[in-house]
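Read the structure below first, then the notes.
Heavy-atom basis, side chains included; hydrogens, waters and symmetry copies ignored.
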Number of protein chains: 2
Amino acid sequence: MDRKQVAKATTKVISSYLTYQAVQTVLAQLTETNPPLALWLRSFSGRKIVQDGEVYLLALLAESQELAFRIMTVRKQLVEDIMDDLPEMVFYEIEHQNSQHRKQQLEKLSQLSITEPNSHLESSSEQL
Amino acid sequence: MDRKQVAKATTKVISSYLTYQAVQTVLAQLTETNPPLALWLRSFSGRKIVQDGEVYLLALLAESQELAFRIMTVRKQLVEDIMDDLPEMVFYEIEHQNSQHRKQQLEKLSQLSITEPNSHLESSSEQL
(Lines give C-alpha, C1' and ligand atoms only; values in the text may rest on other atoms or scores of the structure.)
Protein backbone atom coordinates (compact mmCIF):
# COMPACT_ATOMS: atom_id res chain seq x y z
CA MET A 1 0.00 0.00 0.00
CA ASP A 2 1.49 3.38 -0.94
CA ARG A 3 1.34 6.50 1.21
CA LYS A 4 -1.78 7.83 -0.52
CA GLN A 5 -3.67 4.61 0.09
CA VAL A 6 -2.53 4.53 3.73
CA ALA A 7 -3.75 8.13 4.15
CA LYS A 8 -7.13 7.23 2.63
CA ALA A 9 -7.51 4.09 4.76
CA THR A 10 -6.52 6.05 7.89
CA THR A 11 -9.11 8.71 7.02
CA LYS A 12 -11.81 6.00 6.92
CA VAL A 13 -10.67 4.62 10.28
CA ILE A 14 -10.79 8.08 11.90
CA SER A 15 -14.17 8.86 10.35
CA SER A 16 -15.64 5.60 11.68
CA TYR A 17 -14.07 6.14 15.09
CA LEU A 18 -15.53 9.65 15.34
CA THR A 19 -18.93 8.24 14.33
CA TYR A 20 -18.60 5.77 17.22
CA GLN A 21 -17.69 8.66 19.56
CA ALA A 22 -20.66 10.68 18.25
CA VAL A 23 -22.95 7.73 19.06
CA GLN A 24 -21.52 7.68 22.61
CA THR A 25 -22.11 11.45 22.94
CA VAL A 26 -25.73 11.20 21.76
CA LEU A 27 -26.29 8.18 24.04
CA ALA A 28 -25.03 10.18 27.03
CA GLN A 29 -27.31 13.11 26.12
CA LEU A 30 -30.37 10.86 25.62
CA THR A 31 -29.76 9.07 28.92
CA GLU A 32 -30.44 12.45 30.57
CA THR A 33 -33.23 13.72 28.33
CA ASN A 34 -35.01 10.65 26.92
CA PRO A 35 -34.08 7.36 28.66
CA PRO A 36 -36.39 5.12 26.57
CA LEU A 37 -34.83 6.43 23.34
CA ALA A 38 -31.35 5.99 24.87
CA LEU A 39 -32.26 2.37 25.58
CA TRP A 40 -33.46 1.89 22.02
CA LEU A 41 -30.30 3.43 20.51
CA ARG A 42 -28.08 1.39 22.82
CA SER A 43 -29.83 -1.80 21.77
CA PHE A 44 -29.65 -0.82 18.06
CA SER A 45 -25.94 0.07 18.35
CA GLY A 46 -25.27 -3.22 20.10
CA ARG A 47 -26.76 -5.09 17.15
CA LYS A 48 -25.00 -2.93 14.54
CA ILE A 49 -21.39 -2.57 15.63
CA VAL A 50 -19.99 0.83 14.65
CA GLN A 51 -17.07 -0.75 12.78
CA ASP A 52 -17.90 1.02 9.52
CA GLY A 53 -19.52 4.35 10.38
CA GLU A 54 -21.29 4.71 7.04
CA VAL A 55 -22.83 1.21 7.13
CA TYR A 56 -24.02 1.95 10.68
CA LEU A 57 -25.57 5.29 9.65
CA LEU A 58 -27.30 3.78 6.60
CA ALA A 59 -28.91 1.17 8.86
CA LEU A 60 -29.90 3.84 11.39
CA LEU A 61 -31.32 6.15 8.70
CA ALA A 62 -33.75 3.37 7.78
CA GLU A 63 -34.96 3.18 11.40
CA SER A 64 -34.65 6.71 12.76
CA GLN A 65 -33.72 9.57 10.46
CA GLU A 66 -33.74 12.02 13.36
CA LEU A 67 -31.16 10.10 15.41
CA ALA A 68 -28.98 9.45 12.36
CA PHE A 69 -28.97 13.16 11.42
CA ARG A 70 -28.15 14.04 15.04
CA ILE A 71 -25.16 11.66 15.09
CA MET A 72 -23.99 13.07 11.74
CA THR A 73 -24.12 16.60 13.18
CA VAL A 74 -22.22 15.58 16.32
CA ARG A 75 -19.45 13.81 14.38
CA LYS A 76 -19.01 16.92 12.26
CA GLN A 77 -18.66 19.01 15.43
CA LEU A 78 -16.17 16.49 16.82
CA VAL A 79 -13.97 16.60 13.73
CA GLU A 80 -14.03 20.42 13.79
CA ASP A 81 -13.11 20.43 17.48
CA ILE A 82 -10.23 17.98 17.52
CA MET A 83 -8.69 17.47 14.07
CA ASP A 84 -6.36 20.47 14.03
CA ASP A 85 -4.50 19.24 17.11
CA LEU A 86 -4.29 15.61 16.05
CA PRO A 87 -1.19 15.60 13.79
CA GLU A 88 0.99 16.91 16.61
CA MET A 89 -0.61 14.59 19.16
CA VAL A 90 -0.05 11.51 16.96
CA PHE A 91 3.56 12.56 16.17
CA TYR A 92 4.23 12.92 19.88
CA GLU A 93 2.43 9.70 20.85
CA ILE A 94 4.40 7.56 18.38
CA GLU A 95 7.72 9.24 19.15
CA HIS A 96 7.11 8.89 22.89
CA GLN A 97 6.02 5.23 22.69
CA ASN A 98 8.93 4.34 20.38
CA SER A 99 11.45 5.89 22.75
CA GLN A 100 9.79 4.17 25.75
CA HIS A 101 10.06 0.77 24.00
CA ARG A 102 13.73 1.42 23.12
CA LYS A 103 14.50 2.52 26.68
CA GLN A 104 12.83 -0.52 28.25
CA GLN A 105 14.59 -2.82 25.81
CA LEU A 106 17.97 -1.27 26.71
CA GLU A 107 17.19 -1.67 30.41
CA LYS A 108 16.30 -5.31 29.82
CA LEU A 109 19.54 -5.87 27.92
CA SER A 110 21.65 -4.17 30.59
CA GLN A 111 20.01 -6.32 33.29
CA LEU A 112 20.85 -9.39 31.20
CA SER A 113 24.44 -8.15 30.90
CA ILE A 114 24.78 -8.06 34.70
CA THR A 115 23.40 -11.57 35.22
CA GLU A 116 24.66 -13.21 32.03
CA PRO A 117 27.67 -11.45 30.47
CA ASN A 118 27.79 -13.85 27.48
CA SER A 119 24.17 -13.36 26.43
CA HIS A 120 24.78 -9.59 26.51
CA LEU A 121 27.54 -9.95 23.94
CA GLU A 122 25.24 -12.02 21.71
CA SER A 123 22.43 -9.49 22.01
CA SER A 124 24.76 -6.62 21.17
CA SER A 125 26.08 -8.31 18.05
CA GLU A 126 22.50 -9.02 16.94
CA GLN A 127 21.85 -5.31 16.85
CA LEU A 128 24.72 -4.47 14.54
CA MET B 1 -16.26 12.14 27.26
CA ASP B 2 -15.06 15.69 26.69
CA ARG B 3 -13.23 16.92 23.59
CA LYS B 4 -9.79 16.44 25.15
CA GLN B 5 -10.53 12.82 26.00
CA VAL B 6 -11.94 12.19 22.52
CA ALA B 7 -8.76 13.69 21.00
CA LYS B 8 -6.58 11.45 23.21
CA ALA B 9 -8.61 8.33 22.42
CA THR B 10 -8.54 9.15 18.69
CA THR B 11 -4.75 9.59 18.89
CA LYS B 12 -4.44 6.06 20.34
CA VAL B 13 -6.66 4.65 17.58
CA ILE B 14 -4.58 6.33 14.85
CA SER B 15 -1.30 5.22 16.46
CA SER B 16 -2.48 1.60 16.62
CA TYR B 17 -3.79 1.75 13.05
CA LEU B 18 -0.46 3.10 11.76
CA THR B 19 1.32 0.33 13.67
CA TYR B 20 -0.90 -2.17 11.85
CA GLN B 21 -0.06 -0.47 8.53
CA ALA B 22 3.66 -0.54 9.41
CA VAL B 23 3.38 -4.30 10.03
CA GLN B 24 1.78 -4.69 6.59
CA THR B 25 4.60 -2.64 5.01
CA VAL B 26 7.33 -4.72 6.70
CA LEU B 27 5.50 -7.93 5.75
CA ALA B 28 5.42 -6.85 2.10
CA GLN B 29 9.16 -6.00 2.20
CA LEU B 30 10.08 -9.31 3.87
CA THR B 31 7.99 -11.32 1.40
CA GLU B 32 10.46 -10.06 -1.25
CA THR B 33 13.69 -10.20 0.76
CA ASN B 34 13.24 -12.91 3.40
CA PRO B 35 10.19 -15.15 2.83
CA PRO B 36 10.77 -17.42 5.91
CA LEU B 37 10.90 -14.36 8.19
CA ALA B 38 7.78 -12.96 6.47
CA LEU B 39 6.05 -16.26 7.22
CA TRP B 40 7.14 -16.08 10.86
CA LEU B 41 5.96 -12.45 11.27
CA ARG B 42 2.65 -13.24 9.55
CA SER B 43 2.07 -16.14 11.91
CA PHE B 44 3.07 -14.02 14.95
CA SER B 45 0.80 -11.15 13.87
CA GLY B 46 -2.06 -13.58 13.33
CA ARG B 47 -1.72 -14.74 16.93
CA LYS B 48 -1.30 -11.21 18.35
CA ILE B 49 -3.92 -9.06 16.67
CA VAL B 50 -2.69 -5.48 16.19
CA GLN B 51 -5.65 -4.01 18.10
CA ASP B 52 -3.43 -2.16 20.57
CA GLY B 53 -0.18 -1.26 18.80
CA GLU B 54 1.85 -0.96 22.01
CA VAL B 55 0.75 -4.36 23.37
CA TYR B 56 1.64 -5.89 20.00
CA LEU B 57 5.09 -4.24 19.97
CA LEU B 58 5.83 -5.29 23.55
CA ALA B 59 5.07 -8.90 22.63
CA LEU B 60 7.18 -8.65 19.46
CA LEU B 61 10.11 -7.02 21.32
CA ALA B 62 10.29 -10.12 23.51
CA GLU B 63 10.57 -12.34 20.40
CA SER B 64 12.43 -10.26 17.83
CA GLN B 65 13.87 -6.89 18.80
CA GLU B 66 15.06 -6.29 15.24
CA LEU B 67 11.60 -6.67 13.68
CA ALA B 68 9.95 -4.61 16.43
CA PHE B 69 12.47 -1.75 15.96
CA ARG B 70 11.92 -1.93 12.20
CA ILE B 71 8.12 -1.64 12.58
CA MET B 72 8.61 1.27 15.03
CA THR B 73 10.77 3.05 12.44
CA VAL B 74 8.25 2.45 9.64
CA ARG B 75 5.30 3.73 11.69
CA LYS B 76 7.26 6.89 12.47
CA GLN B 77 7.90 7.38 8.74
CA LEU B 78 4.21 6.77 8.02
CA VAL B 79 3.05 9.37 10.53
CA GLU B 80 5.53 11.91 9.10
CA ASP B 81 4.34 11.17 5.57
CA ILE B 82 0.59 11.35 6.01
CA MET B 83 -0.43 13.23 9.18
CA ASP B 84 -0.25 16.76 7.81
CA ASP B 85 -2.86 16.03 5.15
CA LEU B 86 -5.21 14.09 7.41
CA PRO B 87 -7.24 16.88 9.06
CA GLU B 88 -8.42 18.18 5.70
CA MET B 89 -9.05 14.65 4.41
CA VAL B 90 -11.16 13.72 7.46
CA PHE B 91 -13.09 17.03 7.33
CA TYR B 92 -13.87 16.38 3.67
CA GLU B 93 -14.72 12.70 4.20
CA ILE B 94 -17.24 13.40 6.96
CA GLU B 95 -18.77 16.39 5.20
CA HIS B 96 -19.04 14.42 1.95
CA GLN B 97 -20.55 11.32 3.60
CA ASN B 98 -23.00 13.42 5.64
CA SER B 99 -24.23 15.23 2.55
CA GLN B 100 -24.50 11.92 0.63
CA HIS B 101 -26.65 10.42 3.42
CA ARG B 102 -28.87 13.52 3.52
CA LYS B 103 -29.24 13.49 -0.29
CA GLN B 104 -30.13 9.80 -0.43
CA GLN B 105 -32.62 10.24 2.41
CA LEU B 106 -34.30 13.11 0.56
CA GLU B 107 -34.44 11.03 -2.62
CA LYS B 108 -36.02 8.19 -0.66
CA LEU B 109 -38.62 10.56 0.83
CA SER B 110 -39.44 12.10 -2.54
CA GLN B 111 -39.90 8.63 -4.04
CA LEU B 112 -42.29 7.83 -1.20
CA SER B 113 -44.15 11.06 -1.92
CA ILE B 114 -44.78 9.97 -5.52
CA THR B 115 -46.09 6.54 -4.60
CA GLU B 116 -47.80 7.43 -1.30
CA PRO B 117 -48.87 11.07 -1.09
CA ASN B 118 -50.16 10.70 2.50
CA SER B 119 -46.98 9.20 3.87
CA HIS B 120 -45.12 12.11 2.29
CA LEU B 121 -47.14 14.56 4.34
CA GLU B 122 -46.40 12.56 7.50
CA SER B 123 -42.71 12.36 6.67
CA SER B 124 -42.57 16.10 5.99
CA SER B 125 -44.22 16.97 9.25
CA GLU B 126 -41.87 14.62 11.12
CA GLN B 127 -38.95 16.65 9.90
CA LEU B 128 -40.24 19.95 11.24
Top contributor to chain B interface from [options] [non-hydrogen pairs under 4.5 Å]:
| options | value |
| --- | --- |
| A:Met89, A:Gln105, A:Lys76 | A:Gln105 |
| A:His101, A:Gln77, A:Gln104 | A:His101 |
| A:Thr73, A:Leu86, A:Asp84 | A:Leu86 |
| A:Glu95, A:Glu93, A:Glu54 | A:Glu54 |

Gap between atom [atom2] of [Y] and atom [atom1] of [X] - 0.5 Å precision:
| X | Y | atom1 | atom2 | value |
| --- | --- | --- | --- | --- |
| A:Ser99 | B:Met72 | OG | CE | 8.0 Å |
| B:Lys12 | A:Gln97 | NZ | CD | 4.5 Å |
| B:Thr10 | A:Met83 | OG1 | CE | 8.5 Å |

Closest approach of [X] to [Y] (non-hydrogen atoms, all atoms of both residues):
| X | Y | value |
| --- | --- | --- |
| A:Arg3 | B:Ile82 | O-CG2, 3.7 Å |
| A:Gln21 | B:Ala9 | NE2-CB, 4.1 Å |
| B:Phe91 | A:Glu80 | CE2-CA, 3.6 Å |

Exercise for the section: Measure the shortest side-chain to side-chain distance between B:Gln24 and A:Val6 over non-hydrogen atoms and say whether it is less than 4.5 angstrom. Expected result: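 B:Gln24 vs A:Val6: side chains apart.
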Practice task
Kindly indicate whether the side chain of A:Val13, heavy atoms from C-beta on, has any atom under 4.5 Å from the side chain of B:Ile14.
Solution key: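 No, side chains not in contact.
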Handout entry: Exceeds 12 heavy-atom contacts within 6.0 angstrom, atom CD of A:Glu88
Key =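 No - once you tally the heavy atoms of other residues, nucleotides and ligands closer than 6.0 Å, there are 12 at most.
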Check whether [X] gets within reach of chain B through its side chain, its backbone, both or neither, counting any heavy atom under 4.5 Å.
| X | value |
| --- | --- |
| A:Asp85 | neither |
| A:Val90 | both |
| A:Ala7 | both |
| A:Gln100 | neither |
| A:Lys8 | both |

